[in-house]
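Notes follow once the structure below has been shown.
Both backbone and side-chain heavy atoms feed into the values below; hydrogens, waters and symmetry mates do not. Just so we're clear, the structure is a prediction, and the values are computed from it rather than from any experiment.
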Amino acid sequence: MTTTTTTTTTTTVLRPPACRAPAVTGRLRGLHLVSSTTEGLALSTLVLHATTGLGLSASLTGLVLGAAAGVALLLAVPIGALADRVGLRRAYVAAASTAALGLVGYAVAGSFALFAVSVLLFVATQSISQAIRQAIAVTGVVPAARVAVRAEMHTWLNVGIGLGTTVGAGLAWTGADGAFRSSYVVAAVACLGVAGAARRLPDGREVAVTPPSGRWTVLGDRPFLVAVGLSSAVQLTMPVLSVLIPVWVTQRTTAPGWAPGAALALNTVLVLVGQRRWARTLVSPAAVSRSAGLGGLGLLLAGVLLGAAAGPSGAAGAATLLGLAVLALTVGEIAAGAATWVVALDRVPPGAEGRYQSTFAMGTSLARIVGPSLALPLVLHAGARGWWLLAVVMAAACGGVVVLNNRRSRA
C-alpha cells in the first residue's frame with residue numbers, strides 16, 4: 001500500500017482506527033433503521049397516492065419511478081467520488097436533507113411536475129444515502145469483519161423497509177389522501193432528524209491513508225464492475241417481493257389477499273434471524289462459492305414454486321406454495337447476497353469506500369428498474385415459464401459469482 005510519505009503528489013484522506021465505540025455503531029444502526037423505514041413508507045404508498053390523490057395513471061407513475069432509479073444509477077459514481085472527497089459524514093447529511101425535501105414535495109404536490117421532481121429527489125438521494133451509510137459502517141473496520149458489518153446493515157434495512165411498508169399498508173387501507181400527505185410530513189421530519197444526528201457520526205479522518213489515484217478509479221476495476229452486474233441480477237429478489245409477488249398473487253392465483261403482506265413479513269423475519277449468522281460463515285473462498293451456489297439453488301426453487309402457485313390448488317394450496325417460495329427466495333437472497341458482497345467489496349482500496357459503495361448501489365438501482373419494467377411483464381405474459389426464466393437468470397448470476405470468486409482467489 002502506498003503511504004503518506006511517498007514523494008508523489010496525492011490527496012490525503014483520513015480513516016478511523018479499526019475499533020469503534022459501541023455507541024457510534026448503535027447510532028448508525030438507528031439512523032439506518034429510521035431512513036429505511038421512511039423509504040418503505042414512501043415507496044409502498046407512492047403509487048396509490050399518485051393514482052388516487054393526484055389522478056395520475058399507474059403507467060405514468062411507474063415511468064417516473066423508473067426515471068428516478070435511472071438518475072440514481074447515473075449519479076452513483078460521481079456522488080461516491082464527491083463523498084470520498086468532502087467526507088462521508090457531510091455527504092450523508094446532505095443526502096438525508098435532500099430526501100426530506102423530496103418528502104415535503106410529496107406532501108404538497110398538486111401537479112405532475114412537482115410530484116415527478118419530488119420522486120426524483122427522494123429515490124435518488126435515498127439510494128445515495130444508503131450507500132454512504134454502508135461506507136461509513138465499514139470504514140476503519142478490518143477486512144475480515146466487513147461482511148458481517150454489511151450483513152447487519154442489510155438486516156436493519158430489511159427491518160426498516162418492512163416496518164415502513166406495514167405502516168403504508170395501513171394508510172392504504174384507510175384510502176385517505178390526507179393520511180398519505182400527513183405521513184410524508186412526519187417522514188420528512190424524521191429525515192431531518194437523521195441529518196442532524198448524522199453530524200455526530202465519524203467521518204473517517206483519524207488515521208492518514210493515501211487514496212487510489214484518480215477520481216474514477218472504480219471504473220477501471222473490471223472484476224468489481226462485473227460483480228456489480230451480477231449483483232443487480234441477484235437483487236431482483238427485491239422487486240420480486242415488493243412488486244411481482246403482490247401483482248402475481250392478486251391477478252393469477254387464488255391465494256388470499258393477505259398473502260403478499262405475509263410473504264414480506266416472513267422474508268423480513270428470516271433475514272433478521274439469518275443474515276448476520278450466515279455472513280459469519282464466509283471465512284474462506286470455498287465457503288463463498290458454496291454460499292453462492294446454495295443461493296442459486298434457492299432462487300431456482302423459488303421460481304418453480306411461484307409458477308406453481310397459479311395452478312388449481314385452491315386458496316390454501318396457493319398460500320402454502322407462496323410461503324415455500326418465499327422461504328426459498330430468502331435463502332437465495334441471504335446466501336447469494338453475502339457471497340456477492342465478499343466478491344465485490346472486501347478489497348476496496350483505503351479512502352475509496354464512498355465511490356465503491358455508491359457504484360455497488362448501481363446494482364440496486366438497476367434491479368429496481370428491471371423488476372417493474374421487464375420482469376413483471378415477463379411473468380404476467382408468460383406465466384410459470386416467465387418465473388422459470390427469471391429464476392434461471394438470477395441463478396446464472398450466482399454461478400457468475402462462483403466463477404469470479406474462484407478467479408479472484410487464484411490471483
Side-chain angles (χ1 to χ4, degrees), residues 27-58 60-69 71-72 89-130 132-133 156-201 242-243 261 264 268 368:
R27 185 180 303 121
L28 183 59
R29 184 190 301 120
L31 297 181
H32 197 51
L33 178 62
V34 172
S35 296
S36 56
T37 300
T38 60
E39 181 175 359
L41 168 65
L43 295 181
S44 63
T45 59
L46 188 148
V47 174
L48 189 58
H49 169 59
T51 53
T52 61
L54 300 177
L56 304 178
S57 66
L60 185 58
T61 304
L63 181 63
V64 172
L65 285 170
V71 169
R89 181 180 62 220
R90 291 181 180 179
Y92 182 39
V93 170
S97 301
T98 307
L101 185 61
L103 287 166
V104 171
Y106 286 167
V108 302
S111 65
F112 169 74
L114 180 55
F115 173 77
V117 170
S118 300
V119 171
L120 292 174
L121 282 176
F122 182 75
V123 172
T125 54
Q126 278 293 95
S127 175
I128 291 165
S129 64
Q130 182 184 140
I132 294 174
R133 287 196 302 273
W156 288 106
L157 173 70
N158 275 35
V159 171
I161 290 180
L163 289 173
T165 302
T166 301
V167 175
L171 294 173
W173 180 76
T174 67
D177 186 61
F180 290 145
R181 294 181 185 271
S182 297
S183 69
Y184 298 148
V185 172
V186 173
V189 173
C191 282
L192 290 177
V194 165
R199 296 178 182 274
R200 300 177 62 190
L201 290 174
S242 62
V243 179
L264 181 60
T268 300
R368 286 176 171 170

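- Residues meeting the side-chain contact (heavy atoms from CB on, under 4.5 Å) test with A179, sequence neighbours left out: L171, T174, A176.
- L33 is listed as a side-chain neighbour of L163, based on a closest heavy-atom distance under 4.5 Å.
- Atom-to-atom distance recorded for H49:NE2 and L56:CG is 8.5 Å, nearest 0.5 angstrom.
- Put simply, the side chain of T98 gets close to the backbone of A94: a donor and an acceptor are under 3.5 Å apart.
- F112 is listed as a side-chain neighbour of L60, based on a closest heavy-atom distance under 4.5 Å.
- For A187, the side-chain contact (heavy atoms from CB on, under 4.5 Å) partners at least two apart in sequence or on another chain are T38, L41, L103.
- Between R199 and R89, the shortest heavy-atom distance links the atoms O-CD, 3.3 Å.
- A42 and F122 make their closest contact through CB-CE2, 3.6 Å (heavy atoms, listed as atom of the first residue, atom of the second, distance).
- Expressed to the nearest 0.5 Å, how far CZ of F115 lies from CG of L120 amounts to 10.0 Å.
- Closest approach of A96 to V194, counting heavy atoms only: CB-CG1, 4.2 Å.
- The OG1 atom of T268 sits 10.0 Å away from atom CG of L157, with the distance rounded to the nearest 0.5 Å.
- Here the CD1-CZ distance, from I132 to R90, works out to 13.5 Å after rounding to the nearest 0.5 Å.
- The two atoms that bring S129 and A95 nearest to each other are CB-CB, 3.7 Å, heavy atoms only.
- Heavy atoms only, all atoms of each residue included: G160 and S36 are closest at CA-OG, 3.2 Å.
- The backbone N or O of S35 lies less than 3.5 Å from a partner atom in the side chain of Q126, making a donor-acceptor pair.
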Going through the distances and angles, do Y106 and L54 end up as a side chain to side chain contact (heavy atoms under 4.5 Å, CB included)?
CA-CA 10 Å; Y106 286 167; L54 300 177; over 6 Å; no
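- Between G168 and T45, the shortest heavy-atom distance links the atoms CA-CG2, 3.4 Å.
- In this structure, H32 NE2 and T37 OG1 are separated by 10.0 Å, a value rounded to the nearest 0.5 Å.
- Under the ring pair (Phe, Tyr, Trp, His ring centres under 6.0 Å) criterion, Y92 pairs with no residue at all, not counting sequence neighbours.
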